[in-house]
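Below you'll find the structure, written out as structure tokens, and then a few comments.
Letters A, B, ... mirror the listed sequences (proteins, then strands); counts begin at 1. Just the heavy atoms: all of them, side chains too, but no hydrogens, waters or symmetry mates, feed the values below.
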2 protein chains.
Amino acid sequence: MSDRGGRRSAAESAESTPRYLQIKQAVLEQIRSGVWRPGDPVPGDAEVARRFGCARMTAHRALRELADEGVIERRRRAGSRVALRTTRSLLVDVPRIDLEIEATGAEYGYRLLARSLGRTTHSARARLRLGPDGRTLWLLCLHLADQRPYQLEERWIDLAAAPAAEHESFRDIGPNRWLLEHVPFVGAEHLIRAEAASRRAARHLEVEPGAPLLVLERRTFREQRVVTWVRLAHPGARYVLRTASGEHG
Amino acid sequence: MSDRGGRRSAAESAESTPRYLQIKQAVLEQIRSGVWRPGDPVPGDAEVARRFGCARMTAHRALRELADEGVIERRRRAGSRVALRTTRSLLVDVPRIDLEIEATGAEYGYRLLARSLGRTTHSARARLRLGPDGRTLWLLCLHLADQRPYQLEERWIDLAAAPAAEHESFRDIGPNRWLLEHVPFVGAEHLIRAEAASRRAARHLEVEPGAPLLVLERRTFREQRVVTWVRLAHPGARYVLRTASGEHG
DNA sequence: GAGTGGTCTAGACCACTTT
DNA sequence: AAGTGGTCTAGACCACTCA
């Protein structure tokens, strides 16, 4: 009588694909093939439920997910339409550095280059939204893949937000991994830019000064406070960011 | 008797926030505050439904969305746990160039620098997955903000996938906008890298040769076929990519 | 005012995984 | 074998918005 829940006739679907996914795929197919173009109306909950012979909730879930993904736009009374996609959003994966390197089969290496308490620059203070009495820990680290420089990490940690960091040497464990394990759950804000390598960065990354670097800056939040700010620099010639799988066109 | 559907006692929630969102927020709060740490068990559908006095479907939706967002991990029989977040996924906004520039208050400008039929390089052929007889249109365009170079766009279009492009001059409309309006719906694949400016790119972007450029490459698909491949280069000193709003930490 | 989407329920069956 | 998540239903009420 049914294949995975509810009541569905066997004739309607020999597949085990959930009904709401079948609906999503059918709608996407209409859009992909160009039958329904941007701005065109899309059948609503009731119509889809009727066509597919399912409950409105099932049709609704399919259409709601398509709306969440930006494929269609839904408005009460006005109905649903194929979205006018003016912006593309792009889901980029930023894995933990050691796992990323080991995933390629290379050997991961880590070196702490410098560690300093209290030497807080003015700009770091601003980026951390630090008060005048705020204390920070500053770290400079190098991550290596098969003994070659892979990423230069410069980091500030607000010691009020993560006090335990003061007593951690960071000689054997990278700050990223340490923070992931010691700061529970956080939001983040990222910038991606291209920069010319400074003399210091060039020396550590073993590139020419002025060489292009792909730089990722991240501010990490916990309850409105900036816990840490980090700058991750990669030699441009050896590194790319890729979109995660899935359709985010 | 209820405030937005179903049956809910007024005492339970004077707010108009949907029940499933209240549940999501409550779970997130436990995780954010560190009460539930990565790897810790999270109450399942039935338990949440009991605690919040709602139907299991409502609890299920909240937990399912948290799982979709990567906050928790769910496994049958084993139950739900706070996710061990080893990778960060990062949602980057790539708006349509003209809207992006005009949003800053600057005047948008566009210039077609070159247009060529059939001059398909070997590497372009490979990137487009083109057969030996495939024909392409090649374009080089410059996008300006207040008369200053902002983005250099180099593009190949597979004429078999978008035949109408052959008869479009692209002198007055950018290929991005044209394609958005003429190719219905597509998937895409992105690369982000830092590169040193070639002589040609430097001349057009008015930077020194070798200056760092932030380069975004995009392959756009329609039904398994590559419709177009584009390389968007920005002067590193004047451009950053930002994450879209929301928590993707 | 009427139609559309948004949410909720109570119950149901199934699939998967661990015990 | 049992417990958990995954899906589905039929019905319901509400909110928003357009005509």
Side-chain angles (χ1 to χ4, degrees), chain A residues 1-25 27 40-83, chain B residues 1-25 27 40-83:
Chain A
M1 181 79 83
S2 57
D3 63 358
R4 68 183 311 126
R7 288 146 235 164
R8 193 193 309 178
S9 80
E12 284 180 70
S13 124
E15 306 287 340
S16 65
T17 309
R19 201 57 172 252
Y20 77 96
L21 277 181
Q22 293 179 22
I23 296 172
K24 283 180 72 173
Q25 286 162 8
V27 172
D40 286 355
V42 168
D45 292 5
E47 175 66 14
V48 168
R50 200 181 55 70
R51 285 198 205 173
F52 283 81
C54 65
R56 188 175 77 97
M57 271 297 282
T58 304
H60 178 72
R61 178 171 175 190
L63 295 176
R64 174 167 46 77
E65 291 193 359
L66 287 172
D68 289 344
E69 292 161 16
V71 176
I72 65 175
E73 286 166 355
R74 317 191 78 194
R75 279 224 306 269
R76 287 168 153 113
R77 173 71 189 177
S80 302
R81 305 186 160 275
V82 179
Chain B
M1 181 79 85
S2 58
D3 64 358
R4 66 180 314 124
R7 289 143 234 167
R8 193 194 308 178
S9 81
E12 284 179 69
S13 127
E15 306 287 341
S16 65
T17 309
R19 202 57 171 261
Y20 78 95
L21 276 180
Q22 293 179 24
I23 296 172
K24 283 181 72 173
Q25 286 162 8
V27 172
D40 285 356
V42 168
D45 292 6
E47 174 66 12
V48 168
R50 202 182 52 71
R51 284 198 206 173
F52 284 82
C54 65
R56 186 175 79 96
M57 271 297 282
T58 305
H60 177 73
R61 178 171 175 188
L63 295 176
R64 174 167 46 78
E65 290 193 0
L66 288 172
D68 289 344
E69 291 160 16
V71 175
I72 64 174
E73 286 166 355
R74 318 192 78 194
R75 282 224 308 267
R76 288 169 153 116
R77 172 72 187 179
S80 302
R81 304 184 162 277
V82 178

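Between A78(B) and R64(B), the residue anchored nearer the 5' end of DNA chain D, judged by the nucleotide with its closest heavy atom, is A78(B). The 5' end of DNA chain D is approached more closely, in terms of each residue's nearest nucleotide, by L21(A) than by the other of L21(A) and R75(A).
Pairing each heavy atom of A59(A) with each of A49(A), the nearest pair is CB-N, 3.7 Å.
We find the CG-CG distance between L63(A) and D45(A) to be 5.5 Å, quoted to the nearest 0.5 Å. To the nearest 0.5 Å, atoms CD (Q25(A)) and CD (Q22(A)) are separated by 7.5 Å.
Side-chain nitrogen and oxygen atoms of Y20(B) include at least one within less than 4.0 Å of the OP1 or OP2 phosphate oxygen of dT7(C). Contact annotation: S16(B) does not reach the phosphate of dA15(D) (side-chain N/O to OP1 or OP2, under 4.0 Å). At the phosphate of dC8(D), neither OP1 nor OP2 sits under 4.0 Å from any side-chain N or O atom of R19(A). Contact between the side-chain N/O atoms of T58(B) and the OP1/OP2 oxygens of dT7(C) is not found at any separation under 4.0 Å. Not one side-chain nitrogen or oxygen of R77(B) sits closer than 4.0 Å to the OP1 or OP2 atom of dT19(C). One finds a side-chain N or O of R74(A) lying less than 4.0 angstrom from the OP1 or OP2 phosphate oxygen of dG6(C). Considering only side-chain N and O atoms, H60(A) lies nowhere under 4.0 angstrom from the phosphate OP1 or OP2 of dG5(C).
The distance between atom CD1 of I72(A) and atom C1' of dG5(C), rounded to the nearest whole Å, is 11 Å. The nearest whole Å value for the distance from the CG atom in D45(A) to the P atom in dT7(C) is 11 Å.
With distances taken from any side-chain atom of M57(B) to the nucleotides dA10(D), dG5(D), dA10(C), the minimum falls on dA10(C). Distances from the side chain of R76(B) to the nucleotides dG6(D), dG5(C), dT7(D) place dG6(D) closest.
Checking side-chain atoms of R19(A) against main-chain N and O of F52(A) turns up a donor-acceptor pair under 3.5 Å.
For R56(B) against dT7(D), a side-chain-to-base donor-acceptor contact under 3.5 Å is present.
With a 4.5 Å cut-off on side-chain heavy atoms, S80(A) and L66(A) do not count as touching.
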